[in-house]
Number of protein chains: 2
Amino acid sequence: MKPSTAAPAEWLPPNIEARQHSLARGEILFRKDDPTAGLYQVKQGQVRLSRVDHTGREVVLHAACAGGLIAEASLFAQVYQCDAVAMTDATVRLYPKDALLAELRQNPEALAGFAAGLAHELMALRARLELRNIRSARERVETYLALNTGADGRTIALRGTAKALAAELGLTHEALYRTLSTLQAEGIIARTKDAIILKMPSV
Amino acid sequence: MKPSTAAPAEWLPPNIEARQHSLARGEILFRKDDPTAGLYQVKQGQVRLSRVDHTGREVVLHAACAGGLIAEASLFAQVYQCDAVAMTDATVRLYPKDALLAELRQNPEALAGFAAGLAHELMALRARLELRNIRSARERVETYLALNTGADGRTIALRGTAKALAAELGLTHEALYRTLSTLQAEGIIARTKDAIILKMPSV
DNA sequence: CGGCGTTTTGAGAGAGCTCAACATCGGTGG
DNA sequence: CCACCGATGTTGAGCTCTCTCAAAACGCCG
């Protein structure tokens, strides 16, 4: 979904020694069942959490861009439950699990920020589930667009490829392309290389 | 999905004056856009969180049974984002938002428990999203069954009606009935009034 | 017994998936 | 500079599967 620019996570304790990693586009940060090293914060680029189901289909669980966190939940687990892949060249900062847990135990302020972040992610994920419940490709795309407009209420920035967007929406890329073509033909949207503009703001 | 028996939430501060409510089956605890009163813990019965999308379709976001929590995330919001409905006769306990927030600020132990609960729910919700990504009704049901077996690895207790299960799975009730019939005819499952038994444990 | 909701089965149609072919773009190396 | 190559983007046609609409049997409760 919308890469979470939302949670800047200023609560992250600055005193923890956090190692920075550089990732090339397509590089894997961790895989499902890897032992959990800790929490990552994305400094640049975009990183996506996904799983692969038994048919080989990819399910995008989360997309974090600069400022966003990855694998919060795994602080409480022994192994990661998703794959994390860099969608663009990216840099991430690792907050080691033990150090972070210790810090959170001593710093209620940080802990509260952490909890709030989790809560917001939970809400976002529920919105996500609701979106997935829409069967019609057209309505799903329209709803997504309506929910993801930028500040002007009309522009949706495209991060990454349209194919990736299809995966986020749970559609095949063909279905997405066709839907966008139709919407464009009907004058409901306009497209540029890296954005979609709603002609009718906030339907 | 599986009503979260998982998080007993012992961290809930016992000293907070928590009012108990009794709900009849079908009764509404709160609705989307109601101002948030606080957090509820289910003492008996089952309560379901859902939304209704613009086509009138119901999306089940969460199903909590005894011990489970409801509306954790809304501690950080002004209004509820879902409807909460009792699926069975139920009793719930309300932990008022302000009192609970104040308590969490002073009691890191409780806050940590709260955060851990949120994290686990996040993981559960992600598993849920993965399930929803399975297109085939049969595979979705098989996956659900495999993930929700009881202690013996073969029995799935049915809470509530099969129709309700269909809603949780994101299927029409007809599709679910047909799928179950097929599985039964193929000898993959057996059915009793309130349970499904896998003939082939843990496929 | 009568009514209501759940369970069950049937038939038809629509919508997205699958497979397939082709265009386009960006990078690589001769 | 151009040919090549892979990945993305695009369009076409058929098919499968679930949804939808319909109807009937069943169980429960007043």
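Because only heavy atoms are used, hydrogens play no part in the values below, and waters and symmetry mates are left out as well, while side chains stay in. Just so we're clear, the structure is a prediction, and the values are computed from it rather than from any experiment.
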Q: For Arg31(B), is the CZ atom crowded, meaning more than 12 foreign heavy atoms sit under 6.0 Å from it?
A: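 Not buried by this count: 12 neighbours or fewer within 6.0 Å.
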Q: Can you give me the bend angle of the helix from dT7(C)-dA24(D) to dG30(C)-dC1(D)? Use the axis through the first five pairs and the one through the last five, nearest 10 degrees.
A: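 Its terminal axes enclose an angle near 40°.
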Q: Can you check side-chain contact (heavy atoms from CB on, under 4.5 Å) on Lys32(A) and Cys82(A), steps first, answer last?
A: CA-CA 5 Å; Lys32(A) 184 172 187 302; Cys82(A) 322; 5.9 Å; no
Q: Determine whether more than 12 heavy atoms belonging to other residues, nucleotides or ligands lie under 6.0 Å from atom CD of Gln78(A).
A: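 No, because the 6.0 Å sphere around CD of Gln78(A) holds 12 heavy atoms or fewer from other groups.
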Q: Quick test of your reading of the model: are Glu121(B) and Arg126(A) salt-bridged, counting only N-O distances below 4.0 Å?
A: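 Salt bridge flag = yes for Arg126(A) with Glu121(B).
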Q: Between Arg138(A) and Glu142(A), does any NZ, NE, NH1 or NH2 come within less than 4.0 Å of an OD or OE carboxylate oxygen?
A: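 Answer for the salt bridge query: yes.
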Q: Where along nucleotides 6-21 of chain D does protein come under 4.0 Å, by heavy atom, of base (B) or sugar-phosphate alone (S), with - for untouched nucleotides?
A: --SBBBBB----SSBB
Q: Please say whether more than 12 non-hydrogen atoms of neighbouring residues, nucleotides or ligands are located less than 6.0 Å from CZ in Arg135(B).
A: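 Yes, enclosed.
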Q: Once you measure the plane-to-plane angle for Phe30(A) and Tyr80(A), does it fall in the parallel (<30°), tilted (30-60°) or perpendicular (>60°) bin?
A: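 Ring orientation, 0 to 90° scale: parallel.
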Q: Find the distance Asp194(A):CG to dG26(C):P and express it as a whole number of Å.
A: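 So the CG-P distance, Asp194(A) to dG26(C), works out to 12 Å.
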Q: Between the side chains of Arg128(A) and Glu168(A), is the shortest nitrogen-to-carboxylate-oxygen separation below 4.0 Å, so that they form an ion pair?
A: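 No.
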